[in-house]
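By convention in this document, chain letters (A, B, ...) are assigned in the order of the sequence lines, proteins followed by strands, and residues within each chain are numbered from 1. Both backbone and side-chain heavy atoms feed into the values below; hydrogens, waters and symmetry mates do not.
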Amino acid sequence: MSSKKNHFEIRRLESLTTEFSLLKSLSTQPLEAVSIDHRFVSFEAPNKSCAVGQLINLEGLLYFNDQKEKFTATGRISEAMELDQELTMYTIELHRYDTHLWNDFRHALDKAQQDVDRLFNSMRDSGL
Amino acid sequence: MNQLSALIVDPSASYTHNIAASLKALGWAEERIYVAKKYADAKHIIATKQPDVLITEYSIEGKQGLELVQLMNSQSAAKISVIVSHNNNGASIAEAAEELVDDYIVKPFQGSQISERLKEVIRRKANPTDYIKNIRSGKQMLIEGRMQEAEKYFQSALALEAKPTLAHYYLGYAKLLQTDYPIAVNEFKKGLNIQPLHFKCLTGNFDALFEQKAYASAYHLAPTLLNNYPIGPKRLGNLFISAVFSGHLEDVPKYHSLFLTLDDVTPELRKVFSAALLAAGRFQITRQSVEKAAECFELGIQVLGADVEYIDKSVRALLAVGGKGAQLAVKLLQRFPKGKIGEKEHSALVFLTAAKTQTRQQVIDLGRKLVINKHADAECYQTFLKLLVEDGKMTLAEDTAAKAIRDFPQLRATFNAILEKRAAS
């Protein structure tokens, strides 16, 4: 069982129409995806970094199976949920992206959870 | 379900928001969901609000979420706890299972995963069988320190299940708490007769044997435990101690790779493991395996860090062998902390290694400096005096002996005896 952390690091986020970077500090402080789905990804960023409906270009690294893969996508900010005075959770609906790579990443997350469950359940008495 | 209260602990607002939204979707009232980004805030909420459910990151500000689980579980046996973390290290999962965490969810979350798992874990906990109800009631008695009543519940549970492994475990655990080790071991064995690899019975058996200092029997369980489960830091420390006291010193270095897999290494564990490696190194010296001894000492330094006392003991142990041991001692001495080079302890070791590896004149020069700088310890004085006497430098020897006696008056006879050897010869 791999003990390496599986995660998705967003390293570039820019407006698809203007090609301006929406978050300047990503090269030094990449963002980490909080939740993912078959064609959605959520992350937290400073308030007003993006606007709902905005079309974006996304570039990042997928860390899974003890390696990293470059991942690029176009998409649209589908949701923005202000968390506090500083941070908002944004959700991107992915449009064009390598679905095979994305699915491999998601399968790796599933596999990690299954491995954890197998080990955890072998040590833990259910229902207690 | 919406009568329950929950505490979510995570430094990330996104995760707390995500989990809170899942709970609300399951029908939880907003005012019954507490959120903490900081460890101290979480502790305060547990103490004052006594939430029913805890959903926490494994690591918060360098502290362990499992300590919050312990705090919750000390309030009631009916509490529910869930770890959410990127950490999927086996030893961490083992620790969570031992703390009776109810679920372990790996980040990042996928889709409605968090919601579904929370729903399932709460359903499972809310609908226990009669067997589990009895065990839970017994656990509650244990929390309240009512041992006899706890045992009655566990005894009742025995009749409610065809394979009551867990009831035997808790009967053993209750006896372990009362330091009635032989009966505890007996109950754990009964559990293992039903389920030979039952984690709790295996670890309970190990702990009971360890506590009664039956180190050989405890260590005998090590292969079964290690071949089937990851091991947490506390039990690993006890395993090192069992290995040393049961005479399995040659096994100790093998555990270094296990040690490296741990995420959370306490200073106590570093001390215990490095002490075990020191003992293992000394053991190898008695078997004339000097290189293996040096490997043990080197691993000890990797575990503990460049600790002056540890390096001192290791270097002196190798020097005592001479020959190859002295060469390996020189190498080990290079691990001395940079900031302490030139200080008394370092100078003394440099002199003692030189005495085994350099020419007599070089050693005498070093010895003079050592004494002038007041860096000589008793062993250095003895070594230096012997050399001076052998070389016929009696004036310097007598002067050095006077200083040695002044610094170590209790060794006057030893120093004088070295001087008298010359007179006798």
Inset, instruction - Determine the option with the most heavy-atom pairs under 4.5 angstrom with chain A, choosing from B:Asn127, B:Thr129, B:Thr261, B:Asp103. - result: B:Asp103
Inset, instruction - Report yes if the side chains of A:Leu87 and B:Ser14 come closer than 4.5 Å at any heavy-atom pair, otherwise no. - result: no
Inset, instruction - Return the minimal non-hydrogen interatomic distance between B:Lys37 and A:Asp84, and the atom names on each side. - result: NZ-OD2, 3.3 Å
Legend entry - chain B contact via A:Asp117 - which portion, at a heavy-atom distance below 4.5 Å: side chain
Legend entry - Electrostatic pair A:Arg124-B:Asp102, nearest N-O below 4.0 angstrom: yes
Legend entry - Heavy-atom contact with chain B under 4.5 Å, split by part of A:Thr88: neither
Inset, instruction - Under 4.5 Å heavy-atom distance to chain A, tell me which part of B:Ala78 shows up: side chain, backbone, both or neither. - result: neither
Inset, instruction - Check whether B:Ile105 gets within reach of chain A through its side chain, its backbone, both or neither, counting any heavy atom under 4.5 Å. - result: both
Inset, instruction - Considering non-hydrogen atoms only, spot the tightest contact between A:Glu44 and B:Ala13 and give its length. - result: OE1-N, 3.6 Å
Inset, instruction - Ignoring hydrogens and angles, tell me if any N or O in the side chain of B:Gln110 forms a donor-acceptor pair with the backbone of A:His38 under 3.5 Å. - result: no
Legend entry - From OG1 (B:Thr16) to CE (A:Met89), nearest 0.5 Å: 9.0 Å
Legend entry - Residue pair B:Gln113 / A:Leu109, side-chain heavy-atom distance below 4.5 Å: no
Inset, instruction - Give the minimum heavy-atom separation between A:Leu119 and B:Gly90, together with the two atoms involved. - result: CD2-CA, 3.9 Å
Inset, instruction - Spell out the residues in residues 30-37 of chain A that have some non-hydrogen atom less than 4.5 Å away from a non-hydrogen atom of chain B, in order of number; otherwise answer 'none'. - result: A:Glu32, A:Ala33, A:Val34, A:Ser35, A:Ile36, A:Asp37
Legend entry - Between B:Ser92, B:Ala97, B:Ser85, the one whose heavy-atom pairs under 4.5 Å with chain A are most numerous: B:Ala97
Legend entry - Taking every non-hydrogen atom, the tightest pair across B:Tyr229 and A:Met123: CD2-CG, 3.6 Å
Legend entry - Side-chain touch B:Phe109/A:Ser42, heavy atoms, less than 4.5 angstrom: no
Inset, instruction - Find the one option among A:His7, A:Glu86, A:Met81 whose heavy-atom pairs under 4.5 Å with chain B are most numerous. - result: A:Met81
Legend entry - B:Ala126, part contacting chain A, at a heavy-atom distance under 4.5 Å: neither
Inset, instruction - Hey, could you give me the CG/NZ distance between A:Asn6 and B:Lys107, rounded to the nearest 0.5 Å? - result: 14.0 Å
